[in-house]
Enquirer: 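Pasting a structure below so you can have a look.
Protein chains get the first letters and strands the later ones, always in sequence-line order, with residue 1 at the start of each.
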Protein chains: 2
Amino acid sequence: MATKKPKIRTMEELASAIAVSRPTLSRFFQDPESVRPATAEKIRQGLAHVDYVPNFFATRMNRRASGLVGVIVPLLTDPFFASLLQTVELAALEMDFTVITQCSHGSAELEANAVERLLSMNTEGVVVAPLGEYGSADALRQLGRSLPIVFVDSRPAEPYTTIDFVGTDNEQSIGLITDYLCRTGAPPVYLGMPRLNSNGLERESAYRRWMAGHDLRPEVLPDDLAPQSWAFETYAYQTMDALFGQGLYVDATILCANDRLAMGALQAAHRHGLFNSRPGARTRVRIAGHDDHPLSRFMTPALTTVAQDIDTIGMTAMSLLASRIRSGKPGEETVERTFPAALKIRESA
Amino acid sequence: MATKKPKIRTMEELASAIAVSRPTLSRFFQDPESVRPATAEKIRQGLAHVDYVPNFFATRMNRRASGLVGVIVPLLTDPFFASLLQTVELAALEMDFTVITQCSHGSAELEANAVERLLSMNTEGVVVAPLGEYGSADALRQLGRSLPIVFVDSRPAEPYTTIDFVGTDNEQSIGLITDYLCRTGAPPVYLGMPRLNSNGLERESAYRRWMAGHDLRPEVLPDDLAPQSWAFETYAYQTMDALFGQGLYVDATILCANDRLAMGALQAAHRHGLFNSRPGARTRVRIAGHDDHPLSRFMTPALTTVAQDIDTIGMTAMSLLASRIRSGKPGEETVERTFPAALKIRESA
DNA sequence: GACAACTCTTTACGCGCGTAAAAGTCGTTG
DNA sequence: CAACGACTTTTACGCGCGTAAAGAGTTGTC
C-alpha cells in the first residue's frame, strides 16, 4: 500500500542514498553474488525503500555482453509461431538472456528492418524463423556475418555456406503420416501450401519421394502455384470446394501440408456433404494435416495429423544459440538438428 | 551482390568517411528533412557505400523523446491478443513509434518485470492488456504514475482514479447475441469463462442484466468458479461433457463467454451426438460464442458468434496513447472508448 | 600483533550519441 | 559590394552506466 517510495533516477543518487559506492552498485546489479553478503543485504534493504530501476539502455550499451538475443518471426497470428516464440522466450529467460522480439509481418522489408534493429541493439545472437521471400536472404546473410544466428522452422531461401538449423524432420513426419494413410486406406493426394518458406517445398518433396519409393503415383494439388498468403484455411477451402464441386476427390485421401489447410479442406468437405454417410460411397473422404494445431482435435471430425515438437525445437534452438554465443566465434561446422513428429490419429483419417 | 561494404561502427567514423560533421549526421538520422537537400543526398550516397546503423541504445538514451512505446499482453498463443498486438504494432509504425513488446505469460510476476523493463527503457507510453490477477495492479499503477498508459481489452483488477480504456462494449455485444438467440429459439444459458480478466465478469453481468430485463431466468454454468487457466477449449469440453452425459442441456441454447469455450462445447456436443438429427428431439442444441475467432467459421457447425472489432480497438488504443504522449501530462479526464461487436450468424445457433 | 587476502571506495575514463552555442560557409538579396 | 539569412562545422558538454586501477578499509590467520 505504501507505494509512495521516493523516485531515484540514477545510480549516483542511489549510491549516496544508501551509502554505497556506485561501482559497487553496478556490480551488485549485474551479479549480487559479486559483493559481500553483508553489502548485498544492505543494498537490498535500501532498494526496498526507494523506487529505482537501472536504465536499460545505459546498462546494455557498455557491458561486454549485452545479454540480449533477438527473435524474428514472420507473424504471430499463426499459433505455431506464437508457441515457438513463447518457448524460445522462456528458454532464454532460463539462461539469463533477454529477448527482443521482432515480427516481420510477412514482409521482406520489415524483416530487413528487424535485422537492422537487432544489429543496432548489440544483440549477441538471433533466432530466426525466416520467410522464404527472395531478397530477404541478403539481410539475413549480412546479419549472420556479424553474429551467430540460428534458423528455426524453415531454412532461408538461398543457400548458405554455413547455417545452423533447428526444426522438424519433414522427411520423417511426412513419411509417418503418408505411411499411416496408405496402410489404412487409399494412398493420399497432397494439398500443397503456398510457397512461403522451405517447408512447403520440403514436405511436397518428401511426399513425392515416399510415394515413389512405394511405387505409388504421387498427385499434388493444385497444379498451379498457390498464392503467397498466410490465409491457409480460405485458400484450401476454395481449392477443395472447386474440386469437390466437380465431383473430384470426393472419396479420396487428402494429405494437407499443414493443419490450417486441412481445416479449410474439412470445411469444403462438409459443404459437399462428404462426411454424411452417403449411399453408394465406397469410402468416405479422408483428410489429414500436419503440425497438430491446438484446435485440430476440436475439429469435426477431429483432425488426424502429426505433431511437431515445438517445445523441443524452441529450446534446442535457444541452447544452440547460447552455445554459439559462448564459444565466441560463429561455429565452424554447421549444426542441423531436426526432430521427429508424432502421429496423432484422430477421426478425420 | 556487392554485400562486402566496409563496416562502420560509430557516427564519428561515418562523419569522417563521407566528409560531413557528426552533428549534421545526427540530425539527418532523426529527420532527413532537417538538413539541406544537397547534404541529405550526399549523406545518402555515402550511406549506400558503407554498412552502418546508428546504435539503438545510444540514440534512444539521450533523445528528449525516445520514440518508444511498450505493449504488454498476457499471452500470444491466443489469436485475439496476437491480432491485437499486430494491429497496435502496425499503427505505432504509422506514427513513427517503435514498439517494445512484453509478454507476461499469464504471470503477475512477469507482468511486473515487463513494467520495470518498460520503465527502464524510457518508453513514452504503454498499451497494456492486463491480466486480472491480484497484485498485478500495483505494478501497473506505479507505471501509470510515471507515464501515460492505455488499457485494452480488459480493465485492471483494482479500481483506478483515472484510467484510459479501449475495448469492446460487452454490454452491447452480449445483448446482441442474447437477443438474437432469444428471437430464434430457446433463451440461452451462459457458459462462463475463467476469471482471468474483467471481461469474464462483465460479460456474465451483461448476460444476467439482459435476461432479467426481459423477465427471463438467467442460468450460468458452471456453479463453481472456473479454474484460472487459458485452456478454454478443454475446460469447456469437460464441463459440457459432464453435463451432456447427465442428459442436461442437450436441447439447450448455450451462450459461451468466448469462441474458444464454444469450440470445446461444440466438441462435447458432437461426442454426445447432439448434432445428429436425433429422433424425438424437439430442438437440437444450439451453441454460440463471442469474439469471432479466426477459426470459428471453420468449425462444424460453423460457429455463430459476435465479432470484436480488433483493428479499430488496436488503432484507437494506439492513437489515444499517442495523443496522451503529445499532450504531455497524463490526461485529466478518463477516456473510455468501447466499440460495438457485429453479429456473425452462422450454423451453430 | 602483523601479515595477507578480500572487499570496498575513490578516481578516472570510456561508450555512442543528443544537444547546445559559437563560429564559419554559402548563396541570396539590396 | 556589403549585408543577410540559412545552413553547416567546430567545440564542448552531458546522458547513465561499465570498467579499470589505485588506495583505504575490513576480515581472517598464525
Enquirer: What distance separates B:Y52 OH from B:L47 CG, expressed to the nearest 0.5 Å?
Expert: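 Rounded to the nearest 0.5 Å, the OH-CG separation comes out at 8.5 Å.
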Enquirer: Under a 4.0 Å threshold between the charged nitrogen and the carboxylate oxygen, would A:E336 count as salt-bridged to A:R155?
Expert: yes
Enquirer: Taking CD from A:E12 and P from C:dT10, how many angstroms apart are they, rounded to a whole number?
Expert: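 Distance check: A:E12 CD to C:dT10 P gives 11 Å.
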Enquirer: Examine D:dG16: is either OP1 or OP2 under 4.0 Å from a nitrogen or oxygen in the side chain of A:Y52? Give yes or no.
Expert: no
Enquirer: Specify the separation, in whole Å, of atom CD of B:E41 and atom P of D:dC7.
Expert: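 The distance from CD of B:E41 to P of D:dC7 comes to 17 Å, rounded to the nearest Å.
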Enquirer: Which part of the nucleic acid, if any, lies within contact of A:P54, taking any heavy atom under 4.0 Å across all strands shown: a base, the sugar-phosphate backbone alone, or nothing?
Expert: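 Result for A:P54 = sugar-phosphate.
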Enquirer: Between D:dT26 atom P and A:K42 atom NZ, what is the distance in whole Å?
Expert: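 Those two atoms, NZ and P, are 11 Å apart.
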Enquirer: Which of residues 59-67 of chain A have a heavy atom under 4.0 Å from DNA chain D?
Expert: A:T59, A:M61, A:N62, A:R63, A:R64
Enquirer: Rounded to the nearest 0.5 Å, what's the gap from CD on B:E94 to CE on B:M318? Could you check?
Expert: 11.0 Å
Enquirer: Is the closest side-chain heavy-atom distance between A:I18 and A:Q45 below 4.5 Å?
Expert: no
Enquirer: Think A:R22 has a side-chain N or O under 4.0 angstrom from the OP1 or OP2 of C:dC8?
Expert: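 For C:dC8, neither OP1 nor OP2 has a side-chain N or O of A:R22 closer than 4.0 Å.
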Enquirer: Quickly work out the A:N122 CG to D:dG18 C1' distance and round it to whole Å.
Expert: 13 Å
Enquirer: Starting at the 5' end of DNA chain D, which residue's closest nucleotide do you reach first, B:S21 or B:A58?
Expert: B:S21
Enquirer: Using whole Å, report how far CE of B:M11 lies from P of C:dG14.
Expert: 21 Å
Enquirer: Using atom CD of B:E33 as one end and atom P of D:dA6 as the other, report the distance to the nearest whole Å.
Expert: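 Value for this atom pair: 17 Å.
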Enquirer: State the CG-CG distance between B:N197 and B:L131, to the nearest 0.5 angstrom.
Expert: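 Between atom CG of B:N197 and atom CG of B:L131 there are 8.5 Å.
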Enquirer: Verify the contact: side-chain N or O of A:S26 to OP1 or OP2 of D:dG18, cut-off strictly under 4.0 Å; return yes or no.
Expert: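 Result: yes.
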Enquirer: Please report, rounded to the nearest Å, how far the P atom of C:dG16 is from the CD1 atom of B:I8.
Expert: 13 Å
Enquirer: Any side-chain N or O of A:Q30 under 4.0 Å from OP1/OP2 of D:dT19?
Expert: yes
Enquirer: Let me know the distance between CZ of A:F57 and C1' of D:dG18, rounded to the nearest Å.
Expert: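 Rounding to the nearest Å, CZ of A:F57 and C1' of D:dG18 are 17 Å apart.
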Enquirer: Indicate whether OP1 or OP2 belonging to C:dG16 is found under 4.0 Å from a side-chain N or O atom of B:R9.
Expert: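 Affirmative; the distance criterion is met.
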Enquirer: What residue among B:L84, B:L118, B:L85 forms side-chain contact (heavy atoms from CB on, under 4.5 Å) with B:V71?
Expert: B:L85
Enquirer: CD1/B:I100 to CD1/A:I100 distance, rounded to the nearest 0.5 angstrom?
Expert: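 Answer for the CD1-CD1 pair, B:I100 versus A:I100, is 6.0 Å.
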Enquirer: Tell me whether the side-chain N/O atoms of A:T24 come closer than 4.0 Å to OP1 or OP2 in C:dT7.
Expert: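 Answer is no, no contact under 4.0 Å.
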